[in-house]
Protein chains: 2
Amino acid sequence: MTEPAEISSLTLNRLSLYLRCLRQLQDAGTTHVSSGQFAQHFELSASLMRKDLAHFGEFGIRGTGYRVDDLAARLTTLLGLDRIHNLAVVGMGSLGSALARYLSFNDKPFRIVAAFDVDGRKVGHKIGHLVIHHSRDIPEVIPQTEAQIAVLSVPASAAQQCYEDLTVSGIEAVLNFAPTQLKQHPAVRTKSVDFQINLEELAYFLSS
Amino acid sequence: MTEPAEISSLTLNRLSLYLRCLRQLQDAGTTHVSSGQFAQHFELSASLMRKDLAHFGEFGIRGTGYRVDDLAARLTTLLGLDRIHNLAVVGMGSLGSALARYLSFNDKPFRIVAAFDVDGRKVGHKIGHLVIHHSRDIPEVIPQTEAQIAVLSVPASAAQQCYEDLTVSGIEAVLNFAPTQLKQHPAVRTKSVDFQINLEELAYFLSS
DNA sequence: CTGCGCTTGTGACATCGTGCACAAGTCGGT
DNA sequence: ACCGACTTGTGCACGATGTCACAAGCGCAG
Ligand SMILES: NC(=O)c1ccc[n+]([C@@H]2O[C@H](COP(=O)([O-])OP(=O)(O)OC[C@H]3O[C@@H](n4cnc5c(N)ncnc54)[C@H](O)[C@@H]3O)[C@@H](O)[C@H]2O)c1
Ligand SMILES: NC(=O)c1ccc[n+]([C@@H]2O[C@H](COP(=O)([O-])OP(=O)(O)OC[C@H]3O[C@@H](n4cnc5c(N)ncnc54)[C@H](O)[C@@H]3O)[C@@H](O)[C@H]2O)c1
(Lines give C-alpha, C1' and ligand atoms only; values in the text may rest on other atoms or scores of the structure.)
(Ligands and ions follow the chains in the order given, each with its own letter.)
Protein backbone atom coordinates (compact mmCIF):
# COMPACT_ATOMS: atom_id res chain seq x y z
CA MET A 1 0.00 0.00 0.00
CA THR A 2 1.22 3.49 -0.78
CA GLU A 3 -0.67 6.63 0.15
CA PRO A 4 -3.97 7.00 -1.67
CA ALA A 5 -6.42 6.84 1.28
CA GLU A 6 -6.91 9.56 3.84
CA ILE A 7 -4.88 8.88 6.96
CA SER A 8 -6.72 8.99 10.26
CA SER A 9 -5.87 11.45 13.00
CA LEU A 10 -5.12 8.63 15.39
CA THR A 11 -2.56 7.08 13.09
CA LEU A 12 -1.02 10.45 12.35
CA ASN A 13 -0.67 11.34 15.99
CA ARG A 14 0.99 8.04 16.69
CA LEU A 15 3.44 8.64 13.86
CA SER A 16 4.45 11.88 15.55
CA LEU A 17 4.85 9.95 18.76
CA TYR A 18 7.00 7.30 17.10
CA LEU A 19 9.24 9.96 15.70
CA ARG A 20 9.66 11.52 19.10
CA CYS A 21 10.57 8.15 20.60
CA LEU A 22 13.01 7.47 17.79
CA ARG A 23 14.77 10.73 18.56
CA GLN A 24 15.22 9.53 22.12
CA LEU A 25 16.77 6.35 20.81
CA GLN A 26 19.06 8.36 18.56
CA ASP A 27 20.20 10.39 21.55
CA ALA A 28 20.89 7.16 23.39
CA GLY A 29 22.98 5.94 20.50
CA THR A 30 20.70 3.09 19.47
CA THR A 31 21.03 2.37 15.76
CA HIS A 32 18.63 -0.52 15.23
CA VAL A 33 15.36 -1.45 16.88
CA SER A 34 12.61 -4.00 16.32
CA SER A 35 8.97 -3.13 16.68
CA GLY A 36 8.83 -5.42 19.71
CA GLN A 37 11.66 -3.73 21.57
CA PHE A 38 10.33 -0.34 20.61
CA ALA A 39 6.85 -1.14 21.83
CA GLN A 40 8.04 -2.55 25.11
CA HIS A 41 10.35 0.36 25.79
CA PHE A 42 7.72 3.02 25.19
CA GLU A 43 4.61 1.10 26.20
CA LEU A 44 3.12 1.06 22.75
CA SER A 45 1.69 -1.67 20.55
CA ALA A 46 4.13 -3.36 18.19
CA SER A 47 1.55 -4.57 15.72
CA LEU A 48 -0.19 -1.22 15.66
CA MET A 49 3.06 0.53 14.95
CA ARG A 50 3.76 -1.77 12.03
CA LYS A 51 0.26 -1.22 10.73
CA ASP A 52 0.57 2.55 11.06
CA LEU A 53 3.77 2.51 9.06
CA ALA A 54 2.25 0.20 6.48
CA HIS A 55 -0.01 3.03 5.34
CA PHE A 56 3.03 4.67 3.81
CA GLY A 57 5.15 1.83 2.52
CA GLU A 58 7.77 -0.52 3.87
CA PHE A 59 10.24 0.88 6.34
CA GLY A 60 11.82 -2.11 8.04
CA ILE A 61 14.03 -5.06 7.28
CA ARG A 62 12.51 -8.44 7.98
CA GLY A 63 14.48 -10.42 10.48
CA THR A 64 16.29 -7.29 11.65
CA GLY A 65 13.86 -4.53 12.48
CA TYR A 66 14.27 -0.84 11.73
CA ARG A 67 17.29 1.40 11.28
CA VAL A 68 16.59 4.19 13.73
CA ASP A 69 18.14 7.01 11.69
CA ASP A 70 16.46 5.87 8.54
CA LEU A 71 13.00 5.51 10.03
CA ALA A 72 13.28 8.85 11.82
CA ALA A 73 14.30 10.55 8.60
CA ARG A 74 11.51 9.01 6.62
CA LEU A 75 8.91 9.88 9.24
CA THR A 76 10.20 13.43 9.34
CA THR A 77 9.70 14.00 5.63
CA LEU A 78 6.48 12.04 5.64
CA LEU A 79 5.00 14.28 8.32
CA GLY A 80 6.26 17.37 6.54
CA LEU A 81 8.57 18.28 9.41
CA ASP A 82 11.52 18.85 7.12
CA ARG A 83 9.84 22.01 5.91
CA ILE A 84 9.43 25.17 7.94
CA HIS A 85 5.87 26.09 8.82
CA ASN A 86 4.92 29.65 9.58
CA LEU A 87 2.79 30.28 12.64
CA ALA A 88 0.70 33.18 13.84
CA VAL A 89 -0.26 33.48 17.50
CA VAL A 90 -3.49 35.31 18.21
CA GLY A 91 -3.96 36.41 21.83
CA MET A 92 -0.73 37.17 23.65
CA GLY A 93 -1.96 36.58 27.19
CA SER A 94 -0.27 34.25 29.59
CA LEU A 95 -0.89 31.19 27.43
CA GLY A 96 -0.06 32.89 24.15
CA SER A 97 3.18 34.22 25.56
CA ALA A 98 4.11 30.81 26.92
CA LEU A 99 3.44 29.27 23.53
CA ALA A 100 5.44 31.94 21.74
CA ARG A 101 8.38 31.46 24.05
CA TYR A 102 8.11 27.70 23.75
CA LEU A 103 8.09 27.78 19.97
CA SER A 104 11.02 30.17 19.84
CA PHE A 105 13.20 27.65 21.60
CA ASN A 106 11.86 24.62 19.85
CA ASP A 107 12.19 26.26 16.49
CA LYS A 108 13.04 23.33 14.31
CA PRO A 109 10.03 22.98 12.02
CA PHE A 110 7.80 25.80 13.31
CA ARG A 111 8.53 29.49 13.18
CA ILE A 112 6.39 32.26 14.60
CA VAL A 113 6.02 34.99 12.02
CA ALA A 114 3.21 37.05 13.53
CA ALA A 115 1.57 37.84 16.87
CA PHE A 116 -1.71 39.61 17.56
CA ASP A 117 -3.61 41.07 20.49
CA VAL A 118 -6.15 43.84 21.14
CA ASP A 119 -4.75 45.06 24.42
CA GLY A 120 -3.27 48.54 23.89
CA ARG A 121 -0.58 47.75 26.44
CA LYS A 122 0.67 44.88 24.30
CA VAL A 123 0.16 46.06 20.73
CA GLY A 124 3.34 47.57 19.34
CA HIS A 125 5.53 45.93 21.95
CA LYS A 126 7.86 43.12 21.07
CA ILE A 127 7.97 39.54 22.17
CA GLY A 128 11.46 38.40 21.34
CA HIS A 129 12.19 40.06 18.00
CA LEU A 130 8.55 40.00 16.95
CA VAL A 131 6.23 43.00 17.10
CA ILE A 132 2.68 42.42 18.33
CA HIS A 133 0.08 43.60 15.82
CA HIS A 134 -3.46 44.68 16.52
CA SER A 135 -6.01 41.98 15.72
CA ARG A 136 -7.76 44.27 13.30
CA ASP A 137 -4.71 43.95 11.06
CA ILE A 138 -5.05 40.19 10.75
CA PRO A 139 -6.35 40.35 7.16
CA GLU A 140 -3.35 42.42 6.15
CA VAL A 141 -0.55 40.78 8.11
CA ILE A 142 -1.39 37.11 7.64
CA PRO A 143 -0.89 37.13 3.87
CA GLN A 144 2.20 39.36 4.15
CA THR A 145 3.91 37.03 6.56
CA GLU A 146 2.71 33.91 4.78
CA ALA A 147 1.51 32.42 8.03
CA GLN A 148 -0.08 29.03 7.39
CA ILE A 149 -1.13 27.93 10.85
CA ALA A 150 -2.74 30.09 13.52
CA VAL A 151 -2.66 29.38 17.23
CA LEU A 152 -5.75 30.79 18.91
CA SER A 153 -5.20 31.73 22.54
CA VAL A 154 -7.79 34.41 23.11
CA PRO A 155 -10.64 34.32 25.63
CA ALA A 156 -13.50 32.05 24.64
CA SER A 157 -15.74 35.04 24.00
CA ALA A 158 -13.42 36.32 21.25
CA ALA A 159 -12.49 32.99 19.71
CA GLN A 160 -15.19 32.69 17.06
CA GLN A 161 -14.64 36.20 15.75
CA CYS A 162 -10.87 35.75 15.57
CA TYR A 163 -11.34 32.39 13.92
CA GLU A 164 -13.41 33.93 11.17
CA ASP A 165 -10.97 36.78 10.66
CA LEU A 166 -8.25 34.21 10.24
CA THR A 167 -10.16 32.05 7.79
CA VAL A 168 -10.95 34.95 5.49
CA SER A 169 -7.29 35.95 5.60
CA GLY A 170 -6.25 32.74 3.96
CA ILE A 171 -4.94 30.83 6.95
CA GLU A 172 -4.76 27.09 6.23
CA ALA A 173 -5.09 25.62 9.72
CA VAL A 174 -6.03 26.70 13.23
CA LEU A 175 -5.09 25.23 16.59
CA ASN A 176 -7.59 26.50 19.12
CA PHE A 177 -6.98 26.67 22.87
CA ALA A 178 -10.12 28.55 23.85
CA PRO A 179 -12.72 26.45 25.66
CA THR A 180 -15.46 26.89 23.11
CA GLN A 181 -17.04 24.96 20.29
CA LEU A 182 -15.98 26.76 17.13
CA LYS A 183 -18.29 26.89 14.12
CA GLN A 184 -15.78 25.51 11.68
CA HIS A 185 -14.93 26.69 8.21
CA PRO A 186 -14.70 23.66 5.89
CA ALA A 187 -11.60 24.85 4.03
CA VAL A 188 -9.57 25.39 7.20
CA ARG A 189 -8.27 22.41 9.11
CA THR A 190 -9.16 23.10 12.71
CA LYS A 191 -8.21 21.37 15.94
CA SER A 192 -8.85 22.19 19.55
CA VAL A 193 -6.66 21.48 22.54
CA ASP A 194 -8.98 21.56 25.48
CA PHE A 195 -7.27 21.66 28.82
CA GLN A 196 -10.49 22.06 30.76
CA ILE A 197 -12.21 19.03 29.29
CA ASN A 198 -9.22 16.86 29.95
CA LEU A 199 -9.16 18.02 33.53
CA GLU A 200 -12.85 17.29 33.92
CA GLU A 201 -12.33 13.80 32.59
CA LEU A 202 -9.78 13.11 35.30
CA ALA A 203 -12.04 14.61 37.93
CA TYR A 204 -14.81 12.23 36.95
CA PHE A 205 -12.80 9.22 38.03
CA LEU A 206 -11.78 10.51 41.43
CA SER A 207 -13.03 8.52 44.35
CA SER A 208 -14.68 11.10 46.64
CA MET B 1 -29.56 1.72 31.46
CA THR B 2 -27.98 3.09 34.58
CA GLU B 3 -24.23 3.17 35.15
CA PRO B 4 -22.68 -0.25 35.45
CA ALA B 5 -20.36 -0.23 32.42
CA GLU B 6 -17.21 1.81 32.13
CA ILE B 7 -17.83 5.03 30.26
CA SER B 8 -15.53 5.81 27.35
CA SER B 9 -13.30 8.84 27.28
CA LEU B 10 -14.95 10.04 24.12
CA THR B 11 -18.39 10.03 25.67
CA LEU B 12 -17.11 11.68 28.80
CA ASN B 13 -15.39 14.45 26.91
CA ARG B 14 -18.52 15.11 24.95
CA LEU B 15 -20.54 15.32 28.15
CA SER B 16 -18.19 18.06 29.33
CA LEU B 17 -18.72 19.76 26.03
CA TYR B 18 -22.50 19.52 26.29
CA LEU B 19 -22.36 21.06 29.73
CA ARG B 20 -20.29 23.93 28.42
CA CYS B 21 -22.77 24.53 25.61
CA LEU B 22 -25.69 24.36 28.01
CA ARG B 23 -24.09 27.09 30.11
CA GLN B 24 -23.99 29.26 27.00
CA LEU B 25 -27.69 28.63 26.49
CA GLN B 26 -28.37 29.50 30.12
CA ASP B 27 -26.53 32.78 29.68
CA ALA B 28 -28.63 33.45 26.61
CA GLY B 29 -31.79 32.82 28.62
CA THR B 30 -32.87 29.69 26.78
CA THR B 31 -34.86 27.42 29.05
CA HIS B 32 -35.76 24.49 26.79
CA VAL B 33 -33.90 22.86 23.93
CA SER B 34 -34.32 19.75 21.80
CA SER B 35 -31.40 17.59 20.81
CA GLY B 36 -31.92 18.67 17.22
CA GLN B 37 -31.74 22.39 17.96
CA PHE B 38 -28.81 21.84 20.26
CA ALA B 39 -26.89 19.84 17.70
CA GLN B 40 -27.50 22.33 14.93
CA HIS B 41 -26.52 25.29 17.05
CA PHE B 42 -23.22 23.79 18.21
CA GLU B 43 -22.42 21.59 15.21
CA LEU B 44 -22.78 18.35 17.09
CA SER B 45 -24.67 15.14 16.44
CA ALA B 46 -28.16 14.94 17.92
CA SER B 47 -28.37 11.17 18.03
CA LEU B 48 -24.93 10.86 19.52
CA MET B 49 -25.82 13.29 22.24
CA ARG B 50 -28.93 11.32 23.13
CA LYS B 51 -26.89 8.13 23.18
CA ASP B 52 -24.23 9.69 25.37
CA LEU B 53 -26.84 10.78 27.87
CA ALA B 54 -28.51 7.38 27.72
CA HIS B 55 -25.52 5.87 29.49
CA PHE B 56 -26.64 7.59 32.64
CA GLY B 57 -30.41 7.49 32.53
CA GLU B 58 -33.20 9.55 31.04
CA PHE B 59 -32.81 13.28 31.03
CA GLY B 60 -35.33 14.59 28.56
CA ILE B 61 -39.04 14.85 28.03
CA ARG B 62 -40.36 13.15 24.92
CA GLY B 63 -42.11 15.53 22.63
CA THR B 64 -40.53 18.51 24.35
CA GLY B 65 -36.76 18.11 24.63
CA TYR B 66 -34.59 19.04 27.58
CA ARG B 67 -34.91 21.63 30.31
CA VAL B 68 -31.62 23.49 30.08
CA ASP B 69 -31.19 24.17 33.79
CA ASP B 70 -32.12 20.66 34.72
CA LEU B 71 -29.81 18.96 32.25
CA ALA B 72 -26.93 21.27 33.17
CA ALA B 73 -27.41 20.52 36.85
CA ARG B 74 -27.57 16.79 36.32
CA LEU B 75 -24.47 16.79 34.11
CA THR B 76 -22.63 18.84 36.68
CA THR B 77 -23.22 16.34 39.46
CA LEU B 78 -22.73 13.42 37.12
CA LEU B 79 -19.29 14.66 36.11
CA GLY B 80 -18.42 15.40 39.71
CA LEU B 81 -18.11 19.11 39.06
CA ASP B 82 -20.22 20.00 42.06
CA ARG B 83 -17.35 18.96 44.28
CA ILE B 84 -14.09 20.84 44.65
CA HIS B 85 -11.01 19.05 43.37
CA ASN B 86 -7.60 19.85 44.71
CA LEU B 87 -4.83 20.38 42.21
CA ALA B 88 -1.06 20.44 42.44
CA VAL B 89 1.00 22.10 39.71
CA VAL B 90 4.49 20.73 39.22
CA GLY B 91 6.82 22.94 37.19
CA MET B 92 6.12 26.65 37.51
CA GLY B 93 7.66 27.76 34.23
CA SER B 94 5.79 29.80 31.68
CA LEU B 95 3.18 27.13 31.08
CA GLY B 96 2.78 26.18 34.75
CA SER B 97 2.34 29.82 35.72
CA ALA B 98 -0.22 30.34 32.98
CA LEU B 99 -2.14 27.30 34.16
CA ALA B 100 -1.99 28.44 37.77
CA ARG B 101 -3.27 31.86 36.87
CA TYR B 102 -5.96 30.40 34.66
CA LEU B 103 -7.21 28.06 37.35
CA SER B 104 -7.26 30.80 39.95
CA PHE B 105 -9.75 32.75 37.93
CA ASN B 106 -11.78 29.83 36.77
CA ASP B 107 -11.95 28.45 40.26
CA LYS B 108 -15.34 26.85 40.25
CA PRO B 109 -14.61 23.16 40.65
CA PHE B 110 -10.80 23.17 40.71
CA ARG B 111 -8.58 24.69 43.35
CA ILE B 112 -4.81 24.80 43.33
CA VAL B 113 -3.50 23.73 46.70
CA ALA B 114 0.17 23.20 45.93
CA ALA B 115 2.88 24.31 43.50
CA PHE B 116 6.34 22.86 42.95
CA ASP B 117 9.56 23.71 41.14
CA VAL B 118 13.28 23.07 41.50
CA ASP B 119 14.50 26.48 40.45
CA GLY B 120 16.02 28.26 43.46
CA ARG B 121 14.73 31.57 42.15
CA LYS B 122 11.16 30.30 42.31
CA VAL B 123 11.07 28.06 45.36
CA GLY B 124 9.81 29.96 48.40
CA HIS B 125 8.24 32.71 46.32
CA LYS B 126 4.53 33.04 46.01
CA ILE B 127 2.23 32.74 43.05
CA GLY B 128 -0.94 34.46 44.15
CA HIS B 129 -1.35 33.39 47.78
CA LEU B 130 0.39 30.07 47.21
CA VAL B 131 3.98 29.36 48.15
CA ILE B 132 6.10 27.35 45.68
CA HIS B 133 7.61 24.26 47.26
CA HIS B 134 10.71 22.43 46.21
CA SER B 135 9.98 19.28 44.21
CA ARG B 136 11.82 17.15 46.71
CA ASP B 137 9.01 17.91 49.15
CA ILE B 138 6.37 16.39 46.92
CA PRO B 139 5.99 13.26 49.08
CA GLU B 140 5.39 15.41 52.12
CA VAL B 141 3.23 18.19 50.72
CA ILE B 142 0.88 16.22 48.48
CA PRO B 143 -0.73 14.25 51.32
CA GLN B 144 -0.83 17.31 53.58
CA THR B 145 -2.67 19.39 51.05
CA GLU B 146 -4.88 16.50 49.96
CA ALA B 147 -4.12 17.22 46.33
CA GLN B 148 -5.88 14.68 44.12
CA ILE B 149 -4.85 15.74 40.64
CA ALA B 150 -1.40 16.84 39.55
CA VAL B 151 -0.67 19.00 36.53
CA LEU B 152 2.77 18.20 35.13
CA SER B 153 4.40 21.12 33.34
CA VAL B 154 8.08 20.38 33.70
CA PRO B 155 10.58 19.83 30.87
CA ALA B 156 10.25 16.48 29.16
CA SER B 157 13.52 15.32 30.67
CA ALA B 158 12.14 15.69 34.21
CA ALA B 159 8.64 14.42 33.56
CA GLN B 160 9.08 10.70 34.29
CA GLN B 161 10.85 11.33 37.59
CA CYS B 162 8.23 13.83 38.74
CA TYR B 163 5.47 11.49 37.66
CA GLU B 164 6.86 8.73 39.82
CA ASP B 165 7.33 11.00 42.80
CA LEU B 166 3.70 11.99 42.45
CA THR B 167 2.40 8.46 42.17
CA VAL B 168 4.16 7.29 45.32
CA SER B 169 2.80 10.32 47.14
CA GLY B 170 -0.75 9.14 46.66
CA ILE B 171 -1.87 11.39 43.83
CA GLU B 172 -4.94 9.99 42.08
CA ALA B 173 -4.61 11.47 38.62
CA VAL B 174 -2.04 13.29 36.48
CA LEU B 175 -2.49 15.62 33.55
CA ASN B 176 0.79 15.74 31.67
CA PHE B 177 1.87 18.56 29.35
CA ALA B 178 5.42 17.43 28.73
CA PRO B 179 6.05 16.04 25.25
CA THR B 180 7.09 12.60 26.35
CA GLN B 181 5.63 9.14 26.58
CA LEU B 182 5.21 8.46 30.31
CA LYS B 183 5.61 4.95 31.67
CA GLN B 184 2.28 4.87 33.41
CA HIS B 185 1.44 3.69 36.87
CA PRO B 186 -1.72 1.54 36.71
CA ALA B 187 -3.33 3.00 39.83
CA VAL B 188 -3.03 6.59 38.66
CA ARG B 189 -5.27 7.87 35.95
CA THR B 190 -3.01 9.65 33.52
CA LYS B 191 -3.70 11.83 30.51
CA SER B 192 -1.47 13.84 28.27
CA VAL B 193 -2.23 17.08 26.49
CA ASP B 194 0.22 17.23 23.67
CA PHE B 195 0.47 20.57 21.97
CA GLN B 196 3.33 19.54 19.72
CA ILE B 197 1.62 16.48 18.29
CA ASN B 198 -1.49 18.46 17.51
CA LEU B 199 0.57 21.05 15.75
CA GLU B 200 2.34 18.39 13.74
CA GLU B 201 -0.98 16.92 12.69
CA LEU B 202 -2.03 20.27 11.25
CA ALA B 203 1.33 20.68 9.54
CA TYR B 204 0.87 17.36 7.78
CA PHE B 205 -2.12 18.61 5.88
CA LEU B 206 -0.60 21.85 4.65
CA SER B 207 -0.26 22.19 0.93
CA SER B 208 3.34 23.20 0.35
C1' DC C 1 -60.80 11.52 26.39
C1' DT C 2 -58.82 11.07 21.96
C1' DG C 3 -55.80 12.14 18.35
C1' DC C 4 -51.87 14.39 16.44
C1' DG C 5 -47.34 16.24 16.18
C1' DC C 6 -43.17 16.28 18.13
C1' DT C 7 -39.00 14.36 20.52
C1' DT C 8 -36.72 11.05 23.18
C1' DG C 9 -34.49 6.62 23.99
C1' DT C 10 -32.88 2.54 21.67
C1' DG C 11 -31.99 -1.50 18.79
C1' DA C 12 -30.04 -2.63 14.25
C1' DC C 13 -26.58 -1.51 11.21
C1' DA C 14 -22.32 0.54 9.16
C1' DT C 15 -17.88 2.08 9.83
C1' DC C 16 -13.65 2.52 11.99
C1' DG C 17 -9.76 1.09 14.90
C1' DT C 18 -6.98 -2.55 17.08
C1' DG C 19 -5.08 -7.14 18.35
C1' DC C 20 -3.68 -11.64 16.67
C1' DA C 21 -1.45 -14.91 14.07
C1' DC C 22 1.15 -16.30 10.28
C1' DA C 23 3.21 -16.33 5.63
C1' DA C 24 6.91 -13.93 3.47
C1' DG C 25 11.36 -12.40 3.85
C1' DT C 26 16.10 -11.37 5.85
C1' DC C 27 20.42 -12.42 8.08
C1' DG C 28 24.13 -14.96 10.15
C1' DG C 29 26.25 -19.18 11.03
C1' DT C 30 27.78 -23.55 9.40
C1' DA D 1 24.40 -23.24 -0.35
C1' DC D 2 21.34 -24.23 3.16
C1' DC D 3 19.14 -23.90 7.73
C1' DG D 4 17.17 -21.81 11.59
C1' DA D 5 16.07 -17.87 14.28
C1' DC D 6 14.02 -13.74 14.00
C1' DT D 7 11.05 -9.82 12.34
C1' DT D 8 8.19 -7.48 9.15
C1' DG D 9 3.96 -6.78 6.63
C1' DT D 10 -0.80 -8.23 6.34
C1' DG D 11 -5.35 -10.73 6.20
C1' DC D 12 -8.83 -11.67 9.48
C1' DA D 13 -11.61 -11.30 13.40
C1' DC D 14 -13.14 -8.69 17.07
C1' DG D 15 -14.37 -4.71 19.60
C1' DA D 16 -15.43 0.12 19.83
C1' DT D 17 -17.73 4.09 17.97
C1' DG D 18 -21.13 6.53 15.41
C1' DT D 19 -25.41 6.79 12.35
C1' DC D 20 -30.05 5.73 11.20
C1' DA D 21 -34.64 4.80 11.72
C1' DC D 22 -38.47 3.94 14.51
C1' DA D 23 -41.35 2.55 18.45
C1' DA D 24 -42.56 4.52 22.81
C1' DG D 25 -43.87 8.45 25.25
C1' DC D 26 -45.32 13.17 26.21
C1' DG D 27 -48.15 17.44 25.81
C1' DC D 28 -51.50 20.07 23.73
C1' DA D 29 -55.70 21.05 21.11
C1' DG D 30 -60.18 20.16 20.45
N1 LIG E 1 -3.17 28.13 31.25
C2 LIG E 1 -3.87 28.91 30.52
O3 LIG E 1 -3.67 30.10 30.55
C4 LIG E 1 -4.88 28.29 29.64
C5 LIG E 1 -4.99 26.91 29.56
C6 LIG E 1 -5.93 26.35 28.71
C7 LIG E 1 -6.74 27.16 27.96
N8 LIG E 1 -6.62 28.48 28.04
C9 LIG E 1 -7.46 29.30 27.20
O10 LIG E 1 -6.63 30.06 26.36
C11 LIG E 1 -7.18 31.33 26.18
C12 LIG E 1 -6.21 32.37 26.64
O13 LIG E 1 -5.91 32.15 27.98
P14 LIG E 1 -4.94 33.10 28.79
O15 LIG E 1 -4.74 32.50 30.12
O16 LIG E 1 -3.74 33.42 27.99
O17 LIG E 1 -5.84 34.40 28.96
P18 LIG E 1 -5.34 35.90 29.07
O19 LIG E 1 -6.47 36.72 29.53
O20 LIG E 1 -4.05 35.94 29.84
O21 LIG E 1 -4.98 36.27 27.59
C22 LIG E 1 -5.92 36.52 26.61
C23 LIG E 1 -5.31 37.52 25.66
O24 LIG E 1 -6.12 37.63 24.52
C25 LIG E 1 -6.21 39.00 24.20
N26 LIG E 1 -7.41 39.22 23.40
C27 LIG E 1 -8.68 39.41 23.81
N28 LIG E 1 -9.50 39.57 22.75
C29 LIG E 1 -8.72 39.47 21.65
C30 LIG E 1 -8.98 39.54 20.26
N31 LIG E 1 -10.22 39.74 19.78
N32 LIG E 1 -7.93 39.41 19.41
C33 LIG E 1 -6.70 39.20 19.88
N34 LIG E 1 -6.40 39.11 21.18
C35 LIG E 1 -7.40 39.25 22.06
C36 LIG E 1 -6.22 39.73 25.51
O37 LIG E 1 -5.82 41.08 25.34
C38 LIG E 1 -5.20 38.90 26.28
O39 LIG E 1 -3.91 39.40 26.09
C40 LIG E 1 -8.47 31.37 26.95
O41 LIG E 1 -9.53 31.04 26.09
C42 LIG E 1 -8.28 30.28 27.95
O43 LIG E 1 -9.51 29.72 28.33
C44 LIG E 1 -5.70 29.06 28.87
N1 LIG F 1 3.64 26.96 25.68
C2 LIG F 1 4.35 26.22 26.47
O3 LIG F 1 5.13 26.75 27.27
C4 LIG F 1 4.18 24.76 26.36
C5 LIG F 1 3.22 24.23 25.51
C6 LIG F 1 3.05 22.87 25.43
C7 LIG F 1 3.85 22.04 26.19
N8 LIG F 1 4.76 22.55 26.97
C9 LIG F 1 5.57 21.65 27.79
O10 LIG F 1 5.34 21.95 29.14
C11 LIG F 1 6.53 21.82 29.87
C12 LIG F 1 6.87 23.12 30.52
O13 LIG F 1 7.00 24.11 29.54
P14 LIG F 1 7.42 25.60 29.90
O15 LIG F 1 7.33 26.38 28.67
O16 LIG F 1 6.65 26.06 31.08
O17 LIG F 1 8.97 25.42 30.29
P18 LIG F 1 9.78 26.30 31.31
O19 LIG F 1 11.22 25.99 31.10
O20 LIG F 1 9.33 27.71 31.26
O21 LIG F 1 9.33 25.73 32.71
C22 LIG F 1 9.73 24.52 33.22
C23 LIG F 1 9.77 24.66 34.72
O24 LIG F 1 9.93 23.38 35.31
C25 LIG F 1 10.88 23.51 36.36
N26 LIG F 1 11.46 22.21 36.63
C27 LIG F 1 12.49 21.58 36.00
N28 LIG F 1 12.70 20.39 36.55
C29 LIG F 1 11.80 20.24 37.54
C30 LIG F 1 11.52 19.21 38.48
N31 LIG F 1 12.22 18.10 38.50
N32 LIG F 1 10.51 19.41 39.35
C33 LIG F 1 9.81 20.54 39.32
N34 LIG F 1 10.01 21.53 38.46
C35 LIG F 1 11.00 21.38 37.59
C36 LIG F 1 11.86 24.52 35.87
O37 LIG F 1 12.55 25.11 36.98
C38 LIG F 1 10.94 25.52 35.18
O39 LIG F 1 10.47 26.47 36.07
C40 LIG F 1 7.58 21.38 28.89
O41 LIG F 1 7.66 19.98 28.92
C42 LIG F 1 7.04 21.83 27.57
O43 LIG F 1 7.48 20.99 26.54
C44 LIG F 1 4.95 23.90 27.09
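Letters A, B, ... are given to chains in the order of the sequence lines, protein chains preceding strands, and every chain is numbered from 1. The analysis underlying the following values was restricted to heavy atoms, covering all of them including side chains, and did not include hydrogens, waters or symmetry mates.
- When distances run from any side-chain atom of Ser34(A) to the nucleotides dT17(D), dT7(D), dG25(D), the shortest one goes to dT7(D).
- Picking from dG19(C), dT26(C), dT19(D) the nucleotide with the shortest atom distance to the side chain of Ser45(A) gives dG19(C).
- For dC26(D), the OP1/OP2 oxygens have no side-chain nitrogen or oxygen of Tyr66(B) closer than 4.0 Å.
- Scanning both residues, Lys183(B) and Glu43(A), for their nearest heavy atoms gives CA-OE1, 3.5 Å.
- Using modelled atom types and a 3.5 Å distance limit, the side chains of Gln181(A) and Tyr18(B) yield no donor-acceptor pair.
- Between dT18(C), dT17(D), dT26(C), one nucleotide has an atom nearer to the side chain of Leu10(B) than all others, and that is dT17(D).
- With hydrogens and angles left out, the side chain of Lys51(B) and the base of dT19(D) share a donor-acceptor pair within 3.5 Å.
- Relative to the side chain of Arg14(B), the nucleotides dG18(D), dT26(C), dG27(D) differ in distance, and dG18(D) lies closest.
- If you check every strand for non-hydrogen atoms under 4.0 Å, Ser8(B) touches sugar and phosphate atoms only.
- Side-chain nitrogen and oxygen atoms of Thr64(A) include none within less than 4.0 Å of the OP1 or OP2 phosphate oxygen of dT26(C).
- Comparing dG27(D), dG18(D), dG25(D) by their closest approach to the side chain of Ile61(B) singles out dG27(D).
- Using a 4.0 Å heavy-atom criterion, one finds that Leu53(B) contacts no nucleic acid atom at all.
- Taking side-chain N and O atoms only, Ser47(A) has no distance below 4.0 Å to OP1 or OP2 of dT18(C).
- Considering every non-hydrogen atom in both Phe38(A) and Met49(A), the closest pair reads CD2-SD, 3.6 Å.
- Aromatic rings of Phe195(A) and Phe177(B) (six-membered ring for Trp) have centroids within the 6.0 Å cut-off, being under it.
- Straight-line distance from the CZ atom of Arg50(B) to the C1' atom of dG11(C): 13 Å, rounded to whole Å.
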